[in-house]
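Structure first, commentary second.
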Amino acid sequence: MSSENKIQLVRGMKDILPEDMGFFLTIEEAIRYRCIQSGFKNIDTPVIEYQELFERGIGGDVDTVSKEMYRFQVGKNNLALRPEMTVGICRSYIEHGMASLPQPIRLYSIGPCFRHDRPQKGRYRQFHQANFEIMGSRDASIDAQIIYMAYKILTDLELEDRFVLNINTIGTPECRKQYEEELKDYFLPKKRNLSFDSQGKIESNPLRILDSKDEDDIILSKMAPKLKDYISEDSKDYFNLLLSYLDELEINYKVNDNLVRGLDYYHDTVFEFLDEDCLSVCGGGRYDLVKILNNQEVPSMGMAFGMERLIMHLKDSGFLPKKRDKIDVYVACIGDTAKGKAMKILSELHDCGVHAFGAIGQSSMRSQLRNASKFSAKWTLIIGEVEVRENAIILRDMDEGRQERVKLDDVIEKILSLIDKKDLDKWSLY
Ligand code: AMP
């Protein structure tokens, strides 16, 4: 709670309210549909891991770890809330010996991540990622397949026109090391002209200066040595092959020499789908984290969508999710005996797949009917003492205001005759 003891959300956090859940579920379904059809298996790793895992995997000097990671200690354990999902999945790959499974292995997860960054539009401290990894193969076709998946998911959500695929190669870790040395030599004499943030990155992570939004940094970055001049022939061939696959798949892209991505573990391919404000909805690239963590070669390619950013665009596009939790029938009753019968009717309606509720409170029939309208029920079933005695129930059509008396034994059948079969919500274990 805040210092004034006010009940309020922690800054940078966001409730996903019932009215937003329809968007969340729509996206989740679109993702699961594309994942299942292309052999992705669902994995869920904990949100809590050892701090050291992220320091070794992502890099201790990377902002995501050094500044933004939620750290806490329990007993002797230094723990962290995951700022992204890939490291935890690689930890799980190593721990469960997934290298012995047929490779490449395709894994996806949807869940929360945490970064203590400055909250702003589309940037939260708890947000949800839909994360995808293909592990155990270095083949440009895998890179193309991951990017194609992202494109198909955006197309399924009818959002593809809102984003430009930016793509780049950052070469092998060796090319990058050499380039980083050149960048250090370039920025050091100009240190005083850089923003305070970028000054601190010259030694630790000079590549990140190229990502800075500060005006002076941007001007200096424009004249800096170019990464593309340090890329090996092998990496260039790999990248060109990837671009030819994207051409074949008819996906538009923009080769963006300045795209480097935030995390140290990437090499070769990096990409982001950016909106018109240059906000990324999906980003990814090639990495070998299993090698970094466990010295075992498992060349991999991954990406993550930000669910909140997808929701933001879906809302902005005017899309309205299916109303899954609409109420068909409200059951109103007067008296305890009637309430008992009403609960029995509700239970039978539920078993038949009808969305229904009611049988609550002691209020007057008028106020129960008002309630039924507020919940937008299409029909209300009314049962009072007289109806109990006569073994009947009143069925009211809420739009038309018409009522009819139905025998209690026939009421379920009557309701089922009014509802379209496809609207019945049935679930079964098999
Ligand atoms: P990253 O792991 O930084 O490559 O992020 C992958 C995706 O997660 C981005 O493209 C965003 O859509 C989303 N994302 C990253 N950080 C945040 C944040 N702080 N708030 C909301 N979404 C985020």
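In this chain, numbering begins with 1 at the start of the sequence shown. Indexing begins at 1, ligand by ligand and atom by atom, following the structure's order.
Which of F127, Y266, F273 comes nearest to atom 18 (C) of ligand 1 through a heavy atom is settled by distance: it is F127.
For atom 21 (C) of ligand 1, the nearest protein heavy atom (residue, atom name, distance) is G122 O, 3.2 Å. The nearest protein atom to atom 3 (O) of ligand 1, hydrogens excluded, is given as R115 NH1, 2.9 Å; this is a heavy-atom distance. The shortest contact between atom 4 (O) of ligand 1 and any protein heavy atom is with R261 NH2, 2.6 Å. Residue, atom and distance of the protein heavy atom nearest to atom 13 (C) of ligand 1 are G306 CA, 3.5 Å. A304 O, 3.6 Å is the protein heavy atom nearest to atom 7 (C) of ligand 1.
Checked against a 3.5 angstrom limit, the closest N/O atoms of Q129 and ligand 1 fall inside it. At least one N or O atom of V281 sits closer than 3.5 Å to an N or O atom of ligand 1. At least one N or O atom of Y124, backbone or side chain, sits closer than 3.5 Å to an N or O atom of ligand 1. Between S280 and ligand 1, a contact under 3.5 Å exists for at least one N or O pair.
Heavy atoms of R123 approach ligand 1 to within less than 4.0 angstrom.
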(message) Run N166 and L274 through side-chain contact (heavy atoms from CB on, under 4.5 Å) and show every step you take.
(response) CA-CA 7 Å; N166 281 242; L274 299 178; 3.7 Å; yes
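A donor-acceptor contact closer than 3.5 angstrom is absent between the side chains of D325 and H355. Judged purely by distance below 3.5 Å, without hydrogens or angles, the side chains of S109 and D44 never pair a donor atom with an acceptor atom. No hydrogens or angles considered: nothing links the side chains of D288 and H267 as a donor-acceptor pair under 3.5 Å.
Note on ring orientation: taking the six-membered ring where Trp is involved, the planes of F132 and Y108 are parallel (angle under 30°, cut-offs 30° and 60°). Between Y330 and F375, the two ring planes are parallel [angle under 30°; tilted spans 30° to 60°].
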